[in-house]
Amino acid sequence: MNVAQTPKPAISWPALLVGLGLTLPLLGILLSGLFHDPHDLGNPLEDETAPRFTLPRLDGQGTLSLEQLRGKPTIINFWATWCQSCPLEHPVLEQAAREFGDQVQFVGIAYEDKSERLSAWLQRANRGRPSAYPTLIDVGGKVAVAYGVYGVPETYFVDAQGTVKHKKTGPFLPSADPTADGRLELRRILGEML
Amino acid sequence: MRITAALLLTMMATTSAWGQSPRWANDRGEDASAEQLLTLGEDVIDTIGPATGPPLQGPALAARTEALASEIRCPVCQGQSVQASTAEAARNMKAQIEALVAAGYSDEEVLRYFEASYGEFIRMMPRAEGFNLLVWIIPALALLLGALATWRTIRRLGVEQPGQGSQSTPKGQLKAASLSTEEKELGPWIEQIRTELESGHG
Amino acid sequence: MNSALGQGLILLSLATATVGCILGFAAGRSGSAAGLRWTRWLAGTYATSLILANLVMEYALLTHDFTVKYVDMVGSTSSPTYITIVSLWSSLEGSILFWGMILAIYIWGFLATTRQGHERMTPYTLATVLAVGTFFSFLIAGPADPFSAVQPRPDSMHTGPNPLLQNHWLMIIHPPALYLGYVGMTIPFGMGVSALLRGELGASWMALTRSWMLVPFGFLTAGVVLGGWWAYEVLGWGGYWAWDPVENASFLPWLTAAAFLHAAMLEERRGLLKAWTVVLLLVTFALTILGTFMTRSGVFNSVHSFTQSAIGPTFLVFLAVILVISVLLVGLRMHLLSDEGSLGSPLSRDAAFIVNNLLFAGFTFVVLVGTVFPLLAEAVRDIKLSVGAPFFNQLSVPIGLTIVFLMGVGPALPWGRTSGKEAASLLWVPLTTSLILGALALALGMRQLWPVVTLIVSLFAALVALRDMVTPVSALMRRRGLPPLAAASLAFRRGRRRYGGQIVHIGVALVVVSIAVSSSYQVIEEGMVPKGQSLTIADYELRFEESRSFREPHRDVLEAQFTVLQNGREVGSLGPRLNRYSGQMNPIGTPAVLSTARQDLYLSLMSVAKDGQAAGLRAFINPMVSWLWVGATVMVLGVLIAAWPRRRQKPATKAAA
């Protein structure tokens with residue numbers, strides 16, 4: 001063995017530096033990951049002009065376009081009958097639409113769903129009363145793509161000038177806990193918009 | 001809140017309060033007509049301007065649509081491209097890509113259109129600019145440094161150290177202890193075959 | 001009862017692991033024989049108590065004892081018995097318990113192989129393994145306790161394990177294979193730590209470490225491929241590998257383990273790269289923990305992140321401890337593991353091995369950077385982005401092909417010095433043969449660049465491997481006049497390790513060619529097929545006959561029957577399905593596959609129109625996919641041959657020379 005002839009330093013600095021240089025950044029990156037929700041994908045449309053659309057109404061009364069709604073803040077809710085939390089959210093939106101109907105405009109856009117199914121469902125959910133706000137049919141999902149919908153329900157808040165101010169991913173659910181109550185959350189966002 | 005929602009979902013799913021009949025996904029939306037499929041929304045022109053290229057159709061359209069669909073991530077799937085996924089959302093998006101390409105939009109414009117609403121996440125590969133370049137630079141740099149270190153190692157170890165030369169055979173020196181039975185018995189023959197091979201060609 | 005018994009056994013395992021760990025390090029320092037004896041006894045007790053705890057859990061699952069928390073979570077009286085048995089590893093808590101059992105089995109095995117000899121190395125090894133065991137027992141006892149007694153939920157909530165687990169039999173064996181691979185890396189890790197702490201790495205210790213690495217490496221190979229096979233058979237997109245973060249996580253330790261197996265040979269033959277070889281042991285283990293973190297923390301957007309739990313931070317702390325200790329150990333002790341030998345010329349097997357290690361390490365780094373880059377981008381730019389298949393394909397194709405090329409060059413060259421002329425004469429035949437065959441493929445209509453290059457490079461490597469297996473046989477036949485079979489059997493027995501290695505190489509060549517061809521020449525057709533009519537793809541016609549839906553105990557099934565005609569002749573029928581599980585919003589498909597040696601006809605059902613009058617079908621022709629599974633089987637077989645314990649020829653007295 002030639003160790004005796006050429007005694008080497010007991011600490012190998014290059015190895016230590018390379019090792020720490022590789023592992024510490026990796027640990028830092030993983031740590032930062034713990035503080036981010038991988039499913040929270042943000043809203044690239046925030047403060048951008050809301051994408052224009054013209055879609056047929058579910059009730060058969062012609063079409064509705066975003067431009068027709070200018071001047072009033074608009075709340076666009078993407079939903080579907082096959083979505084499991086939408087039924088729970090529906091009454092919350094209905095209620096808000098009745099309450100704020102003269103100040104804001106609610107619009108539902110059906111996502112990957114069929115007209116007859118939607119009509120029957122709304123009929124049942126509203127117990128025969130007319131809906132407080134219109135639902136539009138988005139055949140081929142083009143408007144959902146324009147808004148960047150990942151899943152249902154998603155709700156977009158557009159101000160009177162046609163700018164997207166806020167996006168809610170997931171349902172507004174009623175809850176006895178004030179910090180978790182979707183009704184209060186919706187009220188708060190509407191308050192900010194008005 | 002998350003947990004409440006999750007619990008609710010589980011309860012509903014298990015008691016199937018809302019499930020009338022099993023509903024099979026991928027067949028949820030209205031079937032779009034061919035014309036509907038090729039119509040572009042009003043928002044397209046606001047986002048990426050008018051198309052600059054010539055309209056496209058036929059096999060060229062299909063080929064470019066498929067290539068682009070492989071570059072765009074399916075938003076409701078996990079890590080699959082729009083091309084790979086069978087989800088309805090992915091098929092809708094593929095139809096949208098086809099409509100854009102057919103209208104004469106360039107690949108970059110199509111990508112920008114989806115990026116406008118979905119964010120950079122929608123690209124299967126990061127846009128090659130700015131900070132993102134690091135995802136190529138870091139591995140390239142590491143490979144380069146590794147290659148340098150390897151080359152130096154080969155050079156350093158290639159020089160026989162004093163005191164060892166005497167044991168070296170012309171074929172280099174193996175640790176005697178590690179010679180397997182096979183090598184002890186067969187080694188010379190294999191060497192001979194190698195020599196034969198060499199002389200055969202040389 | 002089961003609860004208390006299980007918790008008791010886990011506490012026993014925690015106690016024995018902790019004490020054994022401390023005692024092991026003390027025994028390693030003092031060299032006390034009694035200390036080693038006690039450490040071995042504690043390790044054995046630790047292993048036994050974990051195995052018993054697993055049996056208790058199985059018993060609770062089978063008897064539907066819903067007062068045990070984990071049974072209450074994943075149990076279901078309607079699940080078939082085999083599903084109930086495997087639901088042990090269907091969810092986080094159970095899988096960590098199962099992890100413990102696999103570690104226990106490995107510990108038993110390690111204790112058995114070190115009954116004699118290696119007295120200086122085993123204490124530190126056992127201490128390290130038990131330190132890891134302490135962490136996992138702590139998890140089972142606290143944060144991920146599966147045994148705690150609970151008030152059972154109403155029976156309607158007992159819906160059984162994750163539907164993905166129930167969907168296909170491959171999902172039943174894929175996780176255990178992967179676990180056997182992951183967990184098995186703990187033993188070589190302990191052996192590497194021991195080598196650093198002792199500052200010595202003798203030939204016999206190295207040989208033992210190599211064997212203990214080969215076993216989990218074989219399982220990991222099987223686990224990774226089974227995962228790909230499962231994706232192919234279940235996910236319905238016609239592919240088997242998507243560079244998903246968790247797939248990457250299983251691939252990373254495979255790469256470093258492969259690097260180790262080659263570096264270990266260089267160390268064994270020429271006494272080179274000792275420190276690097278040990279570093280690979282540590283890195284491989286750290287990557288398995290990183291992989292577990294990726295799967296279980298919910299930090300990564302992945303198909304496989306089934307559970308998002310609070311266990312992520314705990315794993316990160318553990319990973320940090322492992323990494324920091326490993327770096328410090330290497331930095332402070334690697335000078336003791338200095339190179340003894342010298343290297344042949346740059347044209348030698350030695351040099352090829354060193355370059356191969358660079359490429360394996362580089363490949364690992366590329367995959368790691370690509371996998372964690374979205375996290376870095378989010379931390380720095382605060383945006384989400386995807387690093388998906390196009391990125392990984394772009395970089396892995398050239399690196400992978402260079403590795404395959406070296407897989408041919410390395411074994412073709414002798415150890416030590418080689419003259420240019422000699423090297424040329426050794427490489428000439430396989431190189432020209434593969435180039436000629438590549439030209440032939442070109443002439444037969446293979447037009448894409450990468451598949452042709454892949455074919456040439458893989459053929460070259462396979463030819464070298466074949467020649468390496470045939471040469472000793474012909475030598476024996478000529479020199480000893482043995483008949484072919486006797487010569488082959490003798491050569492095989494003498495060089496079993498080398499034969500194992502070359503068989504692995506042939507398997508790799510098969511896998512690589514199959515990946516290149518199946519991904520480059522895939523054909524896809526899709527459409528709505530009305531009843532009685534057909535979808536045409538290549539020379540197949542797929543006639544939609546009927547659809548039916550029915551209930552199975554744990555799922556609703558919608559199946560569409562297709563008659564397959566090839567050139568007008570009926571060759572079979574396929575029934576792709578959609579399955580719906582309770583508690584699951586979207587259906588999970590089961591594609592139907594007609595496999596032949598040449599290609600797979602792969603049908604994915606997308607929808608059935610409401611009245612059952614038309615089926616939405618996506619059909620794929622995936623050429624050569626069967627060869628991927630064949631190649632992988634050959635690889636595992638090769639590993640098995642190389643790892644099979646040698647009959648003891650001489651007493652292992654000269655431990656740690």
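Chain letters run A, B, ... following the sequence lines, proteins first and then strands; every chain starts at 1.
Closest approach of Asp43(B) and Ala146(A) over heavy atoms only: OD2-CB, 3.1 Å. In plain terms, the two heavy atoms of Pro44(A) and Ala116(B) that are nearest each other are CB-O, 3.6 Å.
Heavy atoms closer than 4.5 Å to chain A are found in both the backbone and the side chain of Ala89(B). Looking at Ser115(A), the atoms closer than 4.5 Å to chain B (heavy atoms on both sides) sit in the backbone and in the side chain alike. Neither the backbone nor the side chain of Glu46(A) comes within contact range of chain B, judged by heavy atoms closer than 4.5 Å. Ala95(B) does not touch chain A: none of its heavy atoms, backbone or side chain, sits under 4.5 Å away. For Thr49(A), no part lies near chain B; criterion is any non-hydrogen pair under 4.5 Å.
Interface summary for chain B: among Ala144(A), Gly140(A), Gly170(A), Pro51(A), the most heavy-atom pairs under 4.5 angstrom belong to Gly140(A).
More than 12 heavy atoms of other shown residues, nucleotides or ligands fall within 6.0 angstrom of atom CZ in Arg188(A). With a 6.0 Å radius and a threshold of 12 heavy atoms from other residues, nucleotides or ligands, Arg129(A) has its CZ atom at or below the threshold. Within a 6.0 Å radius of CD in Gln57(B), other residues, nucleotides and ligands contribute 12 heavy atoms or fewer.
Looking at Tyr150(A), its side chain does come within 3.5 Å of a backbone N or O of Tyr118(B) through a donor-acceptor pair.
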Using the rule given for side chain to side chain contact (heavy atoms under 4.5 Å, CB included), can you reason through Leu66(A) versus Glu42(B), listing the C-alpha separation, both sets of side-chain angles and the distance that settles it, and then say yes or no?
CA-CA 11 Å; Leu66(A) 185 63; Glu42(B) 307 143 62; over 6 Å; no

Step-by-step side chain to side chain contact (heavy atoms under 4.5 Å, CB included) determination, Arg52(A) to Ile45(B):
CA-CA 10 Å; Arg52(A) 289 189 291 150; Ile45(B) 211 156; 4.1 Å; yes

